[in-house]
Structure formats: C-alpha cells, structure tokens
Amino acid sequence: MIAVHHLTEDVGGLSVFYREAGPKDAPTIVLLHGFPSSSHMFRHLIPALADRYHVIAPDYIGFGYSSAPSVADFPYTFDSLTEVTTALLARRGADEYAIYVQDYGAPIGWRLAMSSPGRVTAIVTQSGNAYTDGFVDAFWGGLFAYAAAPGPDTERPVRAALSLDSTRWQYENGVADLSLISPDAWTLDQMLLDRPGNADIQLALFRDYPSNVALYPRVHEYFRASQVPLLAVWGANDGIFGPAGATAFLRDLPEAEVHLLDAGHFALESHLDVIAGYMRGFLGRVVGG
C-alpha cells in the first residue's frame, strides 16, 4: 500500500489542502484538478504513480478542503488561483515538476509553465484545453454569453452548471459503462458546491474564463519554443472538451503523444489503469523514475 498524506499549508493566511505521496527525491508530478472537483479526483491515480514519483495534488482556493473566502475577501481569478498554487509548490520545494492538467487545471498549468518555462519538465493533459478547438458549444455557449454580459438573463442558465444534475452529468457523459462511475465523486463535489457563498465563487471564475482563451496565443508560443514533452489522454466522448482539443496540440508540438479513449470528461473514473499505464510509459521516457 502506498501511503498518501493529507496535509494543509498556510499560504498568505489561506489554508491550502493537498495530497502528497511518493519518495521526495523522485521526479515530482503536480496534479491539477478541474471544475467542479478537487484533488479527490486523483484519489486513485496518486497511489498508481507514487511508487516511482513524488506526487502533489492541491485543492485550489474555493475548492475541496482549501479555504473558501468570500468573493469580497479574495479575487477569484485564474491568475489568483495560480499565485496560491505557485506559493504552495515553492513551500514544498517543487523546483522542477511535470504537470497533469484537467479542465480548470489547464489554465493554471499553462500559467505555471509560462512563468517559469524551465521548471515544467513534461505535461499530461486530460480534457485540458489550450486551443479553441474542441469547445463544445452546447456547454460553453451560455458561459461565454454570461462572461461577455453578466446579468440576470445570462446568469440564470449558467447557474444550472452548479446543480446536482449538471455535476452528475459531467461524470457520466460519454461513459459506456455507468456502473464504473462512483456516486461518491459527484456527491462530494456537489456538497462542496452547495456551501454558502460558493455559487458566487464559481460565477466569478466563469466571468474570468475568457482570460484563459486570451492566453492561448502565448501558450502556443511557449509550446513551439520549448517543445515540452506532452501526452494527451482524452475522452473521445467528452461533451465539454471534444477530441479536437486533444489533436490540436499536434500543431505546435508535433512529437506529442495523443490517445483518445472511449470515455467522457472525468476519464480517470472509468479508465484509471489505461491512463496510469500511458503516464508511466511516457514519464519514464521523458523524466525518468
């Protein structure tokens, strides 16, 4: 059994929760979760990697077991989430690391990489977009309309993304065998989403989401300049970030390794062994361990 430690670190008066496992002298992998989840989404992946790697999986501010100050007390932007994550990694002595990005983890990961390009040794992306290719309009149309013109009429549809039905759908969409999906995942996510004030936190991040798309040209420049090793393991049936988001990486990283799985948005829930296998092979080749 791999020992997984559940820890907190004070970062500027905020309590940041993270999971950590594996030998400290091994190559480090930082796992960056998506919406509406937390490091809980990596509960099975961490022990699948930590025999060979030092694994750190934080909860962002406003997510999981980390502090969730009100929108009046913390600027909920992707820049701010990245700043706290950067500070946590510095406290943990993570001077060089690979990143695994999913959904919201992607814009945070891209900011980490661009701020210190030599620090990120490799990238694994699982439904973590860096291109407008793959944005499924049925999911994103309302969110971008709200971000462009926040108000009662545009807010009402995006609030539906914070409902139990929507959270469960994110886990079940595109999955062939629903019995593989533990209800623990969407139940925990929803309990945390339903905390007082959390809807305002999520709406603030929805409004900031276009800042991520605006960064894409710089991200592409980073890819072309660095040729960072990249593995894309992607749910081909994802109803949020479609498979075109995975193959788009090949435009700027022609040596990228891309695998489309018969899975949905949270592919670790149904394809843990497949993804862990691809990761162990890829990371073994590019960072050792």
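For reference, positions follow the sequence shown, starting with 1.
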Check whether any side-chain heavy atom of [X] sits under 4.5 Å from a side-chain heavy atom of [Y], and report yes or no.
| X | Y | answer |
| --- | --- | --- |
| Phe78 | Leu215 | no |
| Ser38 | Tyr65 | no |
| Val213 | Phe135 | yes |
| Trp110 | Ile123 | yes |
| Phe63 | Gln202 | yes |
| Ile240 | Gln170 | yes |

Legend entry - Residue pair Ser166, Ser163: steps toward the side chain to side chain donor-acceptor pair (under 3.5 Å) verdict: CA-CA 5 Å; Ser166 178; Ser163 69; 4.9 Å; no
Under a 3.5 Å distance rule, please check whether [X] uses its side chain to pair with a backbone N or O of [Y] as donor and acceptor.
| X | Y | result |
| --- | --- | --- |
| Thr154 | Ala149 | yes |
| Ser67 | Ile61 | no |
| Gln102 | His265 | yes |
| Arg280 | Ala48 | yes |
| His259 | Glu257 | no |
| Thr86 | Thr82 | yes |

In terms of ring plane angle, is the pair [X] and [Y] parallel, tilted or perpendicular, where the classes change at 30° and 60°?
| X | Y | result |
| --- | --- | --- |
| Phe241 | Trp140 | tilted |
| Tyr100 | Phe42 | perpendicular |
| Phe249 | Phe223 | tilted |

Inset, instruction - Start with the C-alpha distance between Trp186 and Trp169, add both sets of side-chain angles, then the distance that settles side-chain contact (heavy atoms from CB on, under 4.5 Å), and finish with yes or no. - result: CA-CA 9 Å; Trp186 72 72; Trp169 174 83; over 6 Å; no
Please round to the nearest 0.5 Å and tell me the distance separating atom [atom1] of [X] and atom [atom2] of [Y].
| X | Y | atom1 | atom2 | result |
| --- | --- | --- | --- | --- |
| Leu203 | Arg159 | CG | CZ | 5.0 Å |
| Thr125 | Ile99 | OG1 | CD1 | 8.5 Å |
| His5 | Glu20 | NE2 | CD | 7.5 Å |
| Asn212 | Arg111 | CG | CZ | 4.5 Å |

Tell me which donor-acceptor pairs under 3.5 Å the side chains of residues 21-35 have, and how far apart each pair is, sequence neighbours excluded?
from, atom 1, to, atom 2, distance (Å)
Thr28, OG1, His54, ND1, 3.0
His33, ND1, Ser37, O, 3.4
His33, NE2, Tyr60, N, 3.3

Taking all atoms of both residues into account, what is the closest heavy-atom pair of [X] and [Y], and its distance?
| X | Y | value |
| --- | --- | --- |
| Ile201 | Pro69 | CD1-O, 3.7 Å |
| Val71 | Ala204 | CG1-CB, 4.4 Å |
| Val228 | Ala122 | CG2-CA, 4.0 Å |
| Pro210 | Phe144 | CG-CD2, 4.2 Å |
| Ala87 | Val11 | CB-CG1, 3.5 Å |
| Ile46 | Arg19 | CD1-CB, 3.8 Å |

Legend entry - Verdict with supporting geometry, Leu205 and Leu81, side-chain contact (heavy atoms from CB on, under 4.5 Å): CA-CA 10 Å; Leu205 289 169; Leu81 297 185; 4.0 Å; yes
Legend entry - Pair Tyr131-Arg251, side chain to side chain donor-acceptor pair (under 3.5 Å): steps then yes or no: CA-CA 10 Å; Tyr131 300 82; Arg251 290 208 293 268; 6.0 Å; no
Legend entry - Qualifying side chain to side chain donor-acceptor pair (under 3.5 Å) pairs with a residue from residues 223-235, counting only residues at least two apart or across chains: Arg224-Asp252
Inset, instruction - Indicate whether any N or O donor in one side chain lies under 3.5 Å from an N or O acceptor in the other, for Arg119 and Tyr97. - result: no
Legend entry - Distance-only donor-acceptor check, side chains Ser127 and Asp103, under 3.5 Å: no
Legend entry - More than 12 heavy atoms of other groups within 6.0 Å of Arg195 CZ: yes
Inset, instruction - Go through the steps for Asn173 and Asn237 under the test side chain to side chain donor-acceptor pair (under 3.5 Å), then give the verdict. - result: CA-CA 7 Å; Asn173 86 90; Asn237 313 319; over 6 Å; no
Inset, instruction - Give the intermediate values and the outcome of side-chain contact (heavy atoms from CB on, under 4.5 Å) for residues Val287 and Tyr53. - result: CA-CA 10 Å; Val287 301; Tyr53 299 100; 4.1 Å; yes
